[in-house]
J.: 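Quick one: structure below, then a few questions.
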Number of protein chains: 2
Amino acid sequence: MYTFDQNYTKRVSVKDVAYFEIKKNIIEGELLPGQAVIEEELATQLKISRTPLREALQRLELDELLIRQPNGRLKIAPISVKEAEEMFLIRILLEGVVVRQATDKIEEREIQQLHNNIRMCDEAAQAGRFDDFMNTSSQFHFMLYEISGNKTAVKILYQLNDHFMRYRRLVPAKNFHEKNSSKEHQRVLDYIIARDASNAEKAMQEHLIKSKKIALDVIRGYKNLDQL
Amino acid sequence: MYTFDQNYTKRVSVKDVAYFEIKKNIIEGELLPGQAVIEEELATQLKISRTPLREALQRLELDELLIRQPNGRLKIAPISVKEAEEMFLIRILLEGVVVRQATDKIEEREIQQLHNNIRMCDEAAQAGRFDDFMNTSSQFHFMLYEISGNKTAVKILYQLNDHFMRYRRLVPAKNFHEKNSSKEHQRVLDYIIARDASNAEKAMQEHLIKSKKIALDVIRGYKNLDQL
DNA sequence: TACTATATAATTGTACACAAATATACTTTA
DNA sequence: TAAAGTATATTTGTGTACAATTATATAGTA
């Protein structure tokens, strides 16, 4: 009945390519907050038809990276300080859960990977490679997401992360630079190694509260600039 | 430029009607967990074309009420005890936030509405109207969602609620009957009135932990039955 | 019989055309 | 001139046709 090789060539749909491409453009600020999105225009640019494009756009709308106006037109989601606050708060709670669950499940090999990540973070920081630092630093969190095995929480966290990445791009990378992030990650890892889930959670939440504050200052600054 | 009456006849799209209709069928168990979903079939039943149907199905997939298999086919999401546990845990956290924020913002009129809700709950329970009791009891939570004003958390909570409603339908309503739910709601409300956000949160979470336990027993029971 | 290969059918993915709704430009009217 | 009405253009919503993929049935081969 089953052949060993099932020839699963992972079919990449036009829809998904469009989704990730447009999302990238939103996050990186090629498409600006508030800007109108015209289906026909975008379809022409991406050289695809409106059918799969509309499915990609609907998904971005559900992600709240696009907003549908009462007249049915789409626009790139404006930056909202209130929403940003809500999202950071939820992140703090869910990432707390994730760390707790990761602590209970983590294996030696994964601990080593987290160690390596922290080292790479330090190296990037030393060398002044800000973007590299940010990406590597994010990876620390993502690794814990995967280790936790909590699909439901992780899905939400990744969605929130899309928004956080957009916030970052609002300002030059170095302004977002959190010098102590590595040390804070190390502290979380130390508790994880000690299998102390509740302190690991607490350490992570303290870390996130700090980055929340830094981020919100930036977002508020952008908002003020925006309103001039 | 603007006429007073803008003739905003809220355009109901075929897509949205399909989305809510299919969701209803999933939640109410007309479409069973694991069952295959064929686009053409459904389109014919609903007397619509595949284009808006596909958009409705994609949304249900993102809600995780539908699952896409590796071969591209859709099926009704199976019941997963693990996912259910994850969802209840997230609910407990987010609804904690919501209650805290609602406590800080609530107005006298809204307090009266919550009072009325509890009374209606008691009446339904007395009269043995189980479905009515469940619906009214849910309303208590939804009212707090709206009062909190936390759009981000509330969106997630409503999505989770779709799954919880489906779990409920797995078994006769009376098995799900939580006798003390009214009293627990009253306890939450008392703390809200006292503007004691942190105890209101705690009371709500204790309430939710109890209903989590009841629900998970039911779901585990269903799973066992399912595997025969 | 069990495995493979091939043809056929079923299903999903995409493009396109037209319908419905909304916005814009242009008149008309007071 | 300003407001309202009308015609035109733009944009979104839906149906349909066809392409690409996957599943199923059939036949061939060891």
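By convention in this document, chain letters (A, B, ...) are assigned in the order of the sequence lines, proteins followed by strands, and residues within each chain are numbered from 1. Worth saying up front: this structure is predicted, and the values here are computed from it rather than measured.
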J.: B:Glu41 CD to C:dT11 C1': how many Å, rounded?
T.: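 Result: 11 Å.
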J.: To the nearest angstrom, how far is A:Leu57 atom CG from D:dG13 atom C1'?
T.: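 About 14 Å, once rounded to whole Å.
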J.: If the cut-off is 4.0 Å, is A:Ser49 near the phosphate of C:dA15, judged by side-chain N/O to OP1 or OP2?
T.: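 Yes, within the criterion.
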J.: One thing to verify: whether B:Arg220 and B:Glu85 come together as a salt bridge, which I'm taking to mean a side-chain N less than 4.0 angstrom from a carboxylate O.
T.: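 Answer for the salt bridge query: yes.
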J.: For the pair made of NZ in A:Lys15 and P in C:dG13, what is the distance, rounded to whole Å?
T.: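 It is 6 Å, rounded to the nearest whole Å.
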J.: Between A:Arg59 and A:Glu55, is there a salt bridge with N-O shorter than 4.0 Å?
T.: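 Not counted as a salt bridge, because no side-chain N and carboxylate O are separated by less than 4.0 Å.
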J.: For B:Ile38 and A:Thr51, find the nucleotide of DNA chain C closest to each by heavy atoms; which residue's nucleotide sits nearer the 5' end?
T.: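 Checking each residue's closest nucleotide, the 5'-ward one belongs to B:Ile38.
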J.: Which whole-number value in Å describes the distance from B:Glu39 CD to D:dT14 P?
T.: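 In whole Å, D:dT14 P and B:Glu39 CD are 16 Å from each other.
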J.: Tell me if the centroids of the rings in B:Phe130 and B:Phe133 come within less than 6.0 Å of each other.
T.: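 No, the ring of B:Phe130 stays outside the 6.0 Å limit from the ring of B:Phe133, centre to centre.
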J.: Within this structure, what is the CZ-to-P distance between A:Arg50 and C:dA15, rounded to whole angstrom?
T.: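 Those two atoms, CZ and P, are 12 Å apart.
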J.: Atom CZ of B:Arg68 and atom P of C:dT11: how far apart are they, to the nearest Å?
T.: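 Interatomic distance, CZ of B:Arg68 to P of C:dT11: 14 Å.
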J.: Expressed as a whole number of angstroms, how long is the span from A:Arg73:CZ to C:dA21:P?
T.: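 Spelled out: CZ on A:Arg73 to P on C:dA21 is 13 Å.
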J.: Which whole-number value in Å describes the distance from B:Leu42 CG to D:dG15 P?
T.: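 It works out to 14 Å between those atoms.
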J.: Is A:Asn71 near enough to C:dA23 that one of its side-chain N or O atoms lies under 4.0 angstrom from OP1 or OP2?
T.: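 Answer yes for this pair, as a side-chain N or O of A:Asn71 is under 4.0 Å from OP1 or OP2.
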J.: Strictly below 4.0 Å, N to O, side chains only: are A:Lys151 and B:Glu86 in salt-bridge contact?
T.: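 Looking at B:Glu86 together with A:Lys151, the answer is no, because their closest N to O distance does not fall below 4.0 Å.
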